[in-house]
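Inspection log for the structure reproduced underneath, given as structure tokens.
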Amino acid sequence: MTIAWQTSGVLRRLPTPEAASLLDLTHEVATKELRPRADEAEAAAYFPREIFTMLGELGLMSLPYAEQFGGGDQPYEVSLQVLEELSRAWMSVAVGVSVHNLACFPLANFGTDDQQRQWLPDLLGGGLLGAYCLSEPESGSDAAALSTRAVDAGDDYLVSGTKAWITHGGVADFYNLMVRTGDEGAKGISCLLVNADTSGLTAAAPEHKMGGNSSPTAQIHLVDARVSKSRRIAAEGAGFTVALAALDAGRLGIAACAVGLAQAALDAAVQYSGVRVQFGRPIRDLQGVSFMLADMATSIEAARALYLEAARRKDAGLNFTSIAAMAKLMATDSAMKVTTDAIQVFGGAGYTRDFPVERFFREAKVLQIVEGTNQVQRMVIGRSLGRG
Amino acid sequence: MKIAVCVKQVPDTWAEKKLRSDDSTLDREAADGVMNELDEYAVEEALKLQEAHGGEITIITMGPERAGETVRKALSMGADAAVHLVDDSLHGSDALATSYALATILTGRDFDLVFFGSESTDARMSVVPAMVAERLGVAQLTFAQKVDVDGTSVTIQRVTDYGFETVVANMPAVVSVVEKINEPRYPSFKGIMAAKKKPVETLSTVDAGLEGSQLGLAAAWTVVEDFAARPPKAAGTIVTDEGDGGVKLAEFLATQKFI
């Protein structure tokens, strides 16, 4: 079944009528609640917790997960388009939803039945916000070199170390910690799901960033934090596999956020070029500008098509690791280019903070870095070539 | 308690509205369709009364197939069932024809209250609720900013230019609401999923027992003979302050009846 959904210049084909209703709801909430608040909140580096609470109440924070635990049972094809529409209104919020979904992924996909029954309804219920902690100050792209240590203390681990670049660091209710329980390398890593109020876990002051300032990023410091072994997701030593699987899905989220952000930049450029008159007509009617807009629109549709193909492969149970990396790579590079060109369409006005396109440009940059730099994406894609 | 809420799909409030060149009616294809904003307040008020007093809410709409989106939204917000009158012969119906169609659907259906938004953002006449009440022979309580139900009577605060009147009527009654009355909820994802299973009765004009001669553009009591695009904004009045700016401002406001 194909349902056509069209709003504000974006045409989508959706698999079900309820997906269309879901996109209607998303578009309405994005337009009425997110977009009007975004400029001011970003300028003030204000973290809008109440927006996440509202999205949670509406059921938009846990769409890809099982209905029996409070999720929406939606295919990635649908949940990612919801994310894209959120990002079109406010990228920081969409990235927050994506990171929350990333933080739910280990328990939802690798937890035991008991663990899922016990904690998953809370994680998916909409009231809690999650964070995902893989990177460290000395271990970024080389994630398997992480050094945060979980020492065996009977029924518990004592965890010490520093996690870096943590989205929602200091505001999250729970953290997925990738820690070293064994030897060096990928096979010595385990995944722990810990509460924010765990003694010995503290957040540093938020980083001063170039953009995305409504989404706090901070280090997480762990000093002999006591975590019950019952909170380990999957076997000891399986943590890196869990982390990478979560990132495969998470990358699709970032790709969708990038497309939404680029769409917002195009929306703004199309609107402005329709009212800005030079040489006696709207600049949109000048070929030089019109061709730029055409290239921007083409690049956005291509990125959208690629992340949706990746999502449909995931939904069908096919391997999607490489194409997810391609989607993240292409969508975020496209967002960088499109937001740069949007400023060009605005001219001098685009370089001022009176218009949102300079903010979109600053926000695009981080998407080329998070959840695997675009160089790491190329590594993932390169490795998959010539194998089967 | 049985509540009916009449809702209408209109072009997106913020979109530029256009008339069709062939028959001078509203071009509904030219813009996204949304539920008329004031109707959301009507649905919300019905839901609040249902939460307080129990009962059942039926959504009633008249409009093209696409208006089914608006029906689904109202069901997603929490209404229980819907009736959708859809028929090509309805195209171009005026307020009289609309009230005839809605009143005919409501007749024979058991209800205590019929809610409306006090006007639609496309036609903006505010007459359909009153016309429906008249056709049904029940009380009309229009422009409500507050609604209370007590046993067999309904009390509203009716907004006027200078304040409000308290109006009481026996039920059944027709109530139209203004935007001050509440803050409409968004449908939740759970609500969207639940709406899939709710009954929607689709009626043609024949099914509804309507007479074709009273419907559509041909039966309309008004005719659009000609139309033109909205003229560009004229320059405003500039009051130059020569020491008497305050007086001049007050005089201007007085001529506009603001003070």
(request) Check whether A/Q74 gets within reach of chain B through its side chain, its backbone, both or neither, counting any heavy atom under 4.5 Å. (result) side chain
(request) With a 4.5 angstrom heavy-atom cut-off, could you sort out which part of A/L25 is near chain B: side chain, backbone, both or neither? (result)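 The side chain, not the backbone.
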Taking atom [atom1] of [X] as the centre, report whether more than 12 heavy atoms of other residues, nucleotides or ligands fall under 6.0 Å from it.
X: B/F164; atom1: CZ; result: no
X: B/F227; atom1: CZ; result: yes
X: B/R158; atom1: CZ; result: yes
X: B/K18; atom1: NZ; result: no
X: B/K180; atom1: NZ; result: no
X: A/E50; atom1: CD; result: yes

(request) Might you point out which heavy atoms bring B/R72 and A/S21 nearest each other, and give the distance in Å? (result) NE-OG, 3.7 Å
Distance check, rounded to the nearest 0.5 Å: [X] atom [atom1] versus [Y] atom [atom2]?
X: A/L55; Y: B/Y186; atom1: CG; atom2: OH; value: 10.0 Å
X: B/S188; Y: A/L22; atom1: OG; atom2: CG; value: 10.5 Å
X: A/E28; Y: B/K73; atom1: CD; atom2: NZ; value: 3.0 Å

(message) I need the residue from A/T7, A/L60, A/D24 with the largest number of non-hydrogen atom pairs under 4.5 Å to chain B.
(response) A/T7
